[in-house]
Amino acid sequence: MAEERSPLENEIRRLIVAAGPMPVADYMRLCLTHPEYGYYLTGDPIGTTGDFITAPEISQMFGELIGVWMASVWKQMGSPENVRIVELGPGRGTLMVDALRAAKVVRDFHAAIVLHLVEVSPVLQRQQQERMDTIGLPVLWHATLDDVPTGPSIIIANEFFDALPVYQAVKRANGWHERVIEIGPSGDLVFGVASDPLLHFDTTLPRGLRQSPDGSIYEWRSDRVTLELGRRVRTDGAALVIDYGHAWYGLGETLQAVAGHQYADPLRSPGQVDLTAHVDFRAVAVSAETIGARIHGPVSQRDFLRRLGIDKRAAALKTRAAREKEAEIDIALGRLTATGTGGMGELFKALAIADPRLGQLPGFYP
Ligand code: SAH
């Protein structure tokens, strides 16, 4: 007997039958944010009981150091009396609660903050609301960054960009063809390629990739969010993007599915597994610079956290902790900064997009 299809798979099949093969990006967007069946709309995916775990959920040190980063950036901005702290995709709200607790020591900064959280998931928004009740600051929620009022801003995005839809193209003898999802001969969803090549696609590629061998796959995202970040901060503020991905362009597909902390097939159970793809930091940098912002990094998460003082922070926590907690702190420090398998230190990177007048930002320079 065929395995039961998820409600979103039925919807996707209906769309493919009606409109033809579906670009990978449209598929990813529906899987993650379909208003009724999208992965982020239907549950809380984060934590040991969920599908994946993120840096702020590993240790309070991560959010705390970002709080220190925000306070220094605010000073570099000339300590404005009003500043919007914006977070894209705040998850369970852990990063922001830890950050604001750490930043409290800079009293004027704390008093200047209005918090704006950009979140698609009603489930996570409710969790964030509960956490934010404890911090005593004005908080507003928005469905997209476009709805956040402009003005002096510090914007944080941890593991947000990897959830934005990616497009893929495959090189063939007669040019690049968009990669699509279609219904295969066996009746299952399968990858395919659009029959007509993408016109003049070569000219949009980084020069080094134009002569790629047949069969190569190139992945890209819309630069809408990056341009919007750049537009907002270039005259008064800074944005910090932390995510996993590559610092330089390249070939290959990185779309991956995760469920219950295991890799899964991205075309099975759409809407019920997490889908992400690596962030192309070079592409982010290029579009942010195009709109007149200055780029800092990317640097590895390891270097970023070390320069912000994670080793000292871990040592301080250990002196106050009970014996059995000491080991936990060391394990968390390792996961956040280690470069080998299982460590986030090298694969994860930090990049800042900022007003060029701010000078060097903390964490990005030796
Ligand atoms: N930053 C958090 C959560 C990362 S998971 C952490 O580090 O733990 C991704 C987050 O982005 C979730 O909160 C998810 O609901 C949100 N999200 C994903 N796509 C989104 C979109 N298109 N618009 C707004 N929020 C989105």
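Note that ligands are numbered from 1 as they come in the structure, with each ligand's atoms numbered from 1 the same way.
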What atoms in ligand 1 come closer than 4.0 Å to a heavy atom of [X]?
X: T54; value: 6 (C), 7 (O), 8 (O)
X: P90; value: 2 (C), 13 (O)
X: S121; value: 15 (O)
X: P56; value: 6 (C), 7 (O), 8 (O)

Does any non-hydrogen side-chain atom of I154 lie less than 4.5 Å from one of W69?
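Sidechains of I154 and W69: in contact.
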Please test L240 against F304 for side chain to side chain contact (heavy atoms under 4.5 Å, CB included), starting from the C-alpha separation and ending with a verdict.
CA-CA 11 Å; L240 176 65; F304 182 70; 3.8 Å; yes
Going by heavy-atom distance to atom 3 (C) of ligand 1, choose the closest among G47, P122, G89.
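Closest candidate by heavy-atom distance is G89.
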For atom 5 (S) of ligand 1, which candidate among Y40, F161, F160 provides the closest heavy atom?
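Answer by nearest heavy atom: Y40.
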Can a donor-acceptor pair be found, under 3.5 Å and without considering hydrogens, that links the side chain of R92 to the backbone of E57?
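Side chain of R92 to backbone of E57: no pair is present.
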Sidechain N-carboxylate O distance under 4.0 Å for [X], [Y]:
X: D355; Y: R294; result: no
X: E346; Y: R302; result: no
X: K349; Y: D243; result: no

List the closest protein heavy-atom neighbour of [atom]: residue, atom name, distance to the nearest 0.1 Å.
atom: atom 7 (O) of ligand 1; answer: N158 ND2, 2.8 Å
atom: atom 4 (C) of ligand 1; answer: E159 O, 3.5 Å
atom: atom 17 (N) of ligand 1; answer: V120 CG2, 3.8 Å

Taking side-chain hydrogen bond (donor to acceptor under 3.5 Å, both in side chains) as the cut-off, I'd like each qualifying pair that reaches into residues 327-336, sequence neighbours left out, listed once.
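Every pair satisfying side-chain hydrogen bond (donor to acceptor under 3.5 Å, both in side chains) with a residue in residues 327-336: K318-D330.
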Between L124 and ligand 1, which residue portion shows a heavy-atom distance shorter than 4.0 Å: side chain, backbone, both, or neither?
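The answer is the side chain.
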Would you check the N or O atoms of [X], main chain and side chain alike, for any that come under 3.5 Å of an N or O of ligand 1?
X: T33; answer: no
X: G91; answer: yes
X: E119; answer: yes

Using non-hydrogen atoms of the residue, decide whether L32 is closer than 4.0 angstrom to ligand 1.
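Per 4.0 Å heavy-atom rule, L32 does not contact ligand 1.
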Residues which pass side chain to side chain contact (heavy atoms under 4.5 Å, CB included) with A293, listed by chain and number, not counting sequence neighbours:
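Partners of A293 under the side chain to side chain contact (heavy atoms under 4.5 Å, CB included) test: R234, I353.
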Using 30° and 60° as the class boundaries, would you call the ring planes of H246 and H278 parallel, tilted or perpendicular?
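Ring orientation of H246 relative to H278: tilted.
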